[in-house]
K.L.:
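Take this structure first; my questions come after.
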Amino acid sequence: MEYNHKEIESRWQQYWKENKIYKTEIDSSKPKYYVLDMFPYPSGAGLHVGHPLGYIASDIYSRYKRLNGFNVLHPMGYDSYGLPAEQYAIQTGQHPEKTTFENIDRYRSQLDKIGFCYDWDREIRTCDPSYYKWTQWAFMKMYGHYYDRTADKALPIGDLIAHFEKEGTSGVNAACGKEMEFTAAEWNGMSPKEKSDTLMNYRIAFLADTMVNWCPKLGTVLANDEVSEGLSLRGGYPVEQKLMYQWCLRVSAYAQRLLDGLDTIDWTDSLKETQRNWIGRSEGAEMRFPIAGSDIELEIFTTRADTVFGVTFMVLAPESAYVDMITTPEQRQAVEAYLDEVKHKTERERMIDKKVTGVFTGAYAVNPLTGKNIPVWVSDYVLAGYGTGAIMAVPAHDSRDYAFARHFDLPIIPLIEGADVSEESFDAKSGKMINSASSELDLNGMEVKEAIAATKRFIEEKGIGKVKVNYRLRDAIFSRQRYWGEPFPVYYKDGIPTLLPEDSLPLELPEVDKFLPTETGEPPLGRAKNWQTAEGYPLELNTMPGFAGSSAYYLRYMDPRNNDALVSKEADEYWQDVDLYIGGTEHATGHLIYSRFWNKFLYDLGVVCRDEPFRKLVNQGMIQGRSNFVYRIKDTNTFVSAGLRKQYDTTPIHVDVNIVSNDVLDTERFRAWRPEFKDAEFILEDGKYVCGYAVEKMSKSMFNVVNPDDIVDRYGADTLRLYEMFLGPIEASKPWDTNGIDGVNRFLKKLWGLFYKGDNLLVSDEPASKEALKAVHKLIKKVTADIEIFSYNTSVAAFMICVNELTQLKCHSREALEPVVVLIAPFAPHIAEELWHALGHDTTVCDAQWPVCNEEYLVESTVNMAVSFNGKARYNIQVAADASREEIEKIALANEGAAKWIEGKQVRKIIVVPGKIVNIVVG
RNA sequence: GCCUGAAUGGUGGAAUGGUAGACACGAGGGACUUAAAAUCCCUUGGCCAUAGCGGCUGUGUGGGUUCGAGUCCCACUUCAGGUACCA
């Protein structure tokens with residue numbers, strides 16, 4: 001038999017499926033291992049060759065762990081709610097479920113061809129009611145809890161209500177939107193609506209007026225991580241700021257725990273750093289500046305308390321509530337004109353044009369340390385959402401304040417010795433303080449760090465302010481004005497949001513006639529008939545965002561068909577957490593934050609036993625496209641080969657990479673490719689047409705999309721798998737380059753050749769030679785070590801070396817071949833299964849034992865050592881492998897004439913590292 | 001601006017501080033063949049030498065530590081990714 005990948009692969013894939021080889025059950029006799037891929041959003045374009053990179057890597061690890069006796073959970077599913085299907089539905093009128101399911105089927109058939117060991121009985125889809133029941137359930141729990149800072153965990157909102165009834169807000173230490181103060185009597189006197197509104201300030205899932213990223217083109221709000229540089233990530237449409245009443249999740253309550261948790265997990269430093277930046281902890285002080293002639297106090301946040309003597313003005317964010325409170329009648333018109341101007345600018349416009357703008361409110365604040373009056377301004381360079389939305393401006397030591405002061409001609413007071421602030425501000429947090437003394441506080445002469453600490457102490461003692469930690473991390477906006485998402489299990493009773501009863505879940509997504517907003521501007525669910533409770537109360541019209549369904553999916557895989565719980569106690573305690581998670585870095589500030597938050601919340605409730613969901617995370621790189629070009633000579637239909645193109649005036653044209661092989665164009669297929677090239681002429685070099693190339697994004701318009709199906713069809717899944725791993729380290733981004741795939745395919749044929757010559761099985765029961773066993777055990781050692789560090793590319797190289805050696809040794813001994821088959825099984829499972837059965841086994845190779853390296857085979861009787869004298873005149877000596885240091889020295893010296901003197905110089909030092917290199921220093 | 005990471009042949013990439021360039025592609029040469037494909041063998045960082053041994057040089061740049069540096073330290077250059085009026 002020749003190596004026939006098609007026949008082998010389809011036969012074994014069918015066998016695995018029929019015998020449910022990869023079905024996983026709880027088995028307390030074995031240690032568990034949970035390997036997870038970030039599940040895909042099934043897009044209409046299908047899989048390209050870049051998608052499976054991470055899946056192959058995780059598949060290898062899963063199979064490896066299984067061969068090592070672990071009970072491996074390795075599931076797959078689909079993140080099937082999302083904007084693209086809905087946008088497509090709007091354009092075509094097709095129900096998003098229909099296109100989504102079609103896409104899922106296509107993904108599945110593509111995935112199946114690659115031979116993954118997923119337990120498909122555990123498949124989940126986020127748009128399936130039996131799945132999103134638990135998304136809705138988690139939302140209800142978040143609604144029903146608040147974050148208690150003293151207990152440092154989520155507690156039932158009922159506890160808080162009981163506290164309010166007895167003591168009001170006194171003694172409450174809870175995460176909230178704004179600090180509130182009321183007595184028990186006041187609470188008990190509130191109307192139901194007032195109570196509901198008050199509790200919204202504390203609930204973990206809550207309704208609030210929030211500044212949102214509104215994307216008019218998509219007709220919905222977007223989360224911060226769905227917006228980049230003022231444009232929507234999906235579609236690239238402009239995004240503006242808008243105040244809307246929205247569902248939110250109090251992610252910020254978990255900021256510190258999300259930060260601390262990073263120290264306990266095995267992720268790359270760069271990813272942890274990205275999350276740390278996103279959480280953005282900054283330690284500073286909150287200070288109050290009284291407004292002159294009123295009892296209003298401006299509260300500001302600063303990390304530079306030391307610079308308080310250099311405050312020459314204050315700035316409010318345009319959206320700040322203070323603006324209206326303090327603006328003087330004389331300035332009101334100017335301020336309102338400015339606010340109007342700012343409102344009409346989109347986020348993007350604000351960013352592009354960094355002109356300094358602002359307006360004076362007419363009010364003055366009193367510096368609590370100097371007693372001096374300082375003007376209060378409004379400017380859009382201060383953000384409403386961070387800190388208190390108001391700052392003290394220190395132009396000498398902050399570049400933004402500096403630009404503002406220069407523009408409006410405000411005074412600049414330097415506070416650090418030697419700082420030259422005539423051209424720019426001095427932002428560094430170092431140096432000795434000057435100009436910073438009052439009768440009560442003297443910072444002069446202190447280092448900046450000391451001064452910060454001293455000022456903080458002072459303001460706390462004087463009650464001017466307090467030490468405060470701020471986080472950049474915002475609460476997640478959880479409403480989307482879209483159709484294709486999870487409905488909220490919420491209705492409105494006399495305007496008061498109320499949860500549906502838990503046993504009514506799931507609340508299924510209703511049918512609508514169109515997927516567009518209603519004429520009155522309500523979300524698409526406003527079109528649904530009878531979208532109300534049995535009593536006639538209206539149901540929530542918003543749906544949940546994409547990250548809702550993907551935040552706890554890893555838990556659902558543990559117990560996917562359980563209708564009574566998200567995950568049973570038994571399943572949770574057995575599978576615990578994801579041991580290895582593989583996916584792209586693009587989810588660093590979205591999914592990977594939300595998931596950790598969601599999991600910590602469930603941990604607080606005692607639903608899950610682990611605080612962190614993903615123990616180890618590996619980021620696979622992106623596979624870019626590698627485009628090919630042909631060069632058309634201007635105004636002709638003649639194409640010139642890349643090497644000769646400089647002699648002509650040419651235009652490069654993208655050509656389909658599938659009709660190019662090793663950068664050589666198949667000219668016949670090119671003529672057939674498109675009608676306009678039917679009569680194309682070619683100027684060849686060395687009889688070939690060589691194409692140019694460039695690395696670009698993989699996309700249809702560049703004709704550089706390589707479909708895995710085509711590769712599988714031509715070379716087989718095993719070749720595809722090995723080649724994707726051989727391409728380079730999995731974390732690295734690299735262009736897909738089909739050049740070179742032949743080498744991997746050739747290797748598999750050679751491996752096959754160790755077993756078969758034509759139809760003859762060559763395998764013998766003769767013992768293997770020492771050399772053959774050495775080659776095999778070297779392989780065992782190398783591959784075992786490589787897999788543990790995900791260095792799959794060097795593993796593949798090791799296989800090639802070993803097979804070459806065995807081929808040269810003409811080794812067909814079962815003793816040598818059997819371990820090789822088991823080792824290759826994770827990488828190329830189909831051929832391994834075939835060869836395993838050729839060796840006479842009737843069980844599947846998946847249940848084999850991972851071979852153990854016997855170091856004895858690797859021991860050399862003698863070792864070659866390079867000896868150099870002063871780094872020069874290097875030569876080799878042979879010594880016994882177990883030779884002592886002294887013996888090696890002796891032999892080394894003997895070889896160079898046994899001399900204590902070399903080239904007339906005395907030997908001073910001999911450094912010997914057994915097995916390595918001997919260097920002798922003279923002089 | 002800040003934070004991460006990277007820089008090695010024509011290409012993708014190997015190298016616990018110890019013979020740089022494993023493995024593969026590509027290229028060149030050869031064998032087999034009427035021919036092609038497939039397969040196999042040899043050469044392949046650069047320069048010099050070549051009948052043969054070989055020699056010099058070489059991991060972005062400049063320094064440093066070390067008997068010894070692609071690897072560690074300092075400074076710089078370039079590229080990639082993340083992030084940004086976050087006070």
Side-chain angles (χ1 to χ4, degrees), chain A residues 2 228-229 268-278 280-282 284-285 300-305 307 315 317 350-351 354 356 379-383 385-394 397-401 403-404 427 470-474 585-586 588-589 619 621-622 626 662-664 686 693 722-723 726-729 731-744 746-747 749-750 753 782 785 791 793-802 804 807 864-872 874-876 908-913 915-923:
Chain A
E2 290 302 308
S228 177
E229 301 193 342
T268 61
D269 288 338
S270 76
L271 188 58
K272 286 186 188 180
E273 202 54 32
T274 303
Q275 290 214 340
R276 285 194 190 105
N277 290 341
W278 190 258
R281 180 188 158 101
S282 69
I300 60 98
F301 175 75
T302 180
T303 53
R304 291 295 301 273
T307 59
V315 188
R350 268 210 214 180
M351 277 186 349
K354 290 198 170 170
V356 177
S379 174
D380 64 0
Y381 84 87
V382 174
L383 303 178
Y386 185 76
T388 59
I391 62 156
M392 62 178 213
V394 186
H397 302 291
D398 182 288
S399 55
R400 295 154 300 177
D401 298 346
F404 195 82
D427 289 19
N470 250 322
Y471 300 90
R472 204 187 74 111
L473 183 71
R474 307 293 164 79
T585 22
E586 65 271 22
T589 55
N619 290 121
M622 294 242 282
R626 188 179 189 279
N662 288 341
D663 290 338
V664 176
D686 303 330
Y693 72 90
L722 280 168
Y723 186 57
F726 188 59
L727 223 44
E731 321 86 58
S733 285
K734 56 233 153 189
W736 174 266
D737 186 353
T738 310
N739 301 351
I741 197 164
D742 289 324
V744 170
R746 234 170 259 155
F747 154 73
K749 287 180 189 163
K750 278 185 203 163
K782 175 79 178 141
S791 178
N793 55 333
T794 51
S795 289
V796 178
F799 278 116
M800 289 175 174
I801 294 167
C802 179
N804 276 339
T807 305
N864 277 316
M865 283 186 169
V867 181
S868 56
F869 289 83
N870 258 0
K872 287 194 172 180
R874 195 179 289 129
Y875 64 96
N876 286 310
R908 189 183 267 175
K909 195 164 154 194
I910 303 175
I911 294 148
V912 180
V913 185
K916 291 194 178 162
I917 285 178
V918 190
N919 186 43
I920 297 170
V921 181
V922 296

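Convention: sequence-line order gives letters A, B, ...; per-chain numbering from 1.
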K.L.:
Looking only at atom types and distance, does a side-chain atom of Lys734(A) sit under 3.5 Å from a main-chain N or O of Pro729(A), one as donor and one as acceptor?
P.N.:
yes
K.L.:
Base, sugar-phosphate, or nothing: which does Lys750(A) touch, judged by heavy atoms less than 4.0 Å apart?
P.N.:
sugar-phosphate
K.L.:
So what does Arg276(A) hit on the nucleic acid, given a heavy-atom distance under 4.0 Å: a base, only sugar-phosphate, or nothing?
P.N.:
nothing
K.L.:
Sticking with atom P, work out how far U8(B) lies from G62(B), rounded to a whole angstrom.
P.N.:
16 Å
K.L.:
Excluding sequence neighbours, so at least two apart, what forms salt bridge (Lys or Arg N to Asp or Glu O under 4.0 Å) with Glu273(A)?
P.N.:
Arg276(A)
K.L.:
Checking contacts here: which listed nucleotide (A84(B), C3(B), A87(B)) is nearest the side-chain heavy atoms of Glu273(A)?
P.N.:
C3(B)
K.L.:
Give Asn804(A) one of three labels, base, sugar-phosphate or nothing, depending on what nucleic acid heavy atoms sit under 4.0 Å from its own.
P.N.:
sugar-phosphate
K.L.:
Under the side-chain hydrogen bond (donor to acceptor under 3.5 Å, both in side chains) rule, collect the residues that match up with Arg304(A), sequence neighbours excluded.
P.N.:
Asp306(A)
K.L.:
What residues, two or more places apart in sequence or in another chain, satisfy salt bridge (Lys or Arg N to Asp or Glu O under 4.0 Å) together with Arg746(A)?
P.N.:
none
K.L.:
Using the test salt bridge (Lys or Arg N to Asp or Glu O under 4.0 Å), find all partners of Lys272(A) that sit at least two apart in sequence or belong to another chain.
P.N.:
none
K.L.:
Using Watson-Crick or G-U wobble pairs with both distances under 3.5 Å, give me RNA chain B in dot-bracket, 5' to 3', with [ ] for crossers and | for pairs to another strand.
P.N.:
(((((((..(((.....[....)))((((((.......))))))((((.....))))..(((((..]....))))))))))))....
K.L.:
I'd like to check the side-chain hydrogen bond (donor to acceptor under 3.5 Å, both in side chains) partners of Ser282(A); sequence neighbours left out, ordered by chain and number.
P.N.:
Tyr386(A)
K.L.:
Applying side-chain hydrogen bond (donor to acceptor under 3.5 Å, both in side chains), can you list everything that pairs with Asp401(A), at least two apart in sequence or on another chain?
P.N.:
Tyr381(A)
K.L.:
Assign G46(B) to syn or anti; the rule is syn for a glycosidic angle within 90° of 0 and anti otherwise.
P.N.:
anti
K.L.:
Would you tabulate the pairs of protein nitrogen or oxygen atoms and nucleotide nitrogen or oxygen atoms of nucleotides 8-15 of chain B closer than 3.5 angstrom?
P.N.:
unit_1: G12(B); atom_1: O2'; unit_2: Leu727(A); atom_2: O; d: 2.7
unit_1: G13(B); atom_1: O3'; unit_2: Asn793(A); atom_2: ND2; d: 3.3
unit_1: A14(B); atom_1: OP1; unit_2: Asn793(A); atom_2: ND2; d: 3.1

K.L.:
For Arg400(A), check salt bridge (Lys or Arg N to Asp or Glu O under 4.0 Å) against everything at least two apart and list the hits.
P.N.:
Asp398(A)
K.L.:
Side-chain donor or acceptor of Arg474(A) under 3.5 Å from a matching atom on the base of C86(B)?
P.N.:
yes
K.L.:
If you assign Asp401(A) and Ile741(A) each to the RNA chain B nucleotide with the nearest heavy atom, which residue ends up on the more 5' nucleotide?
P.N.:
Ile741(A)
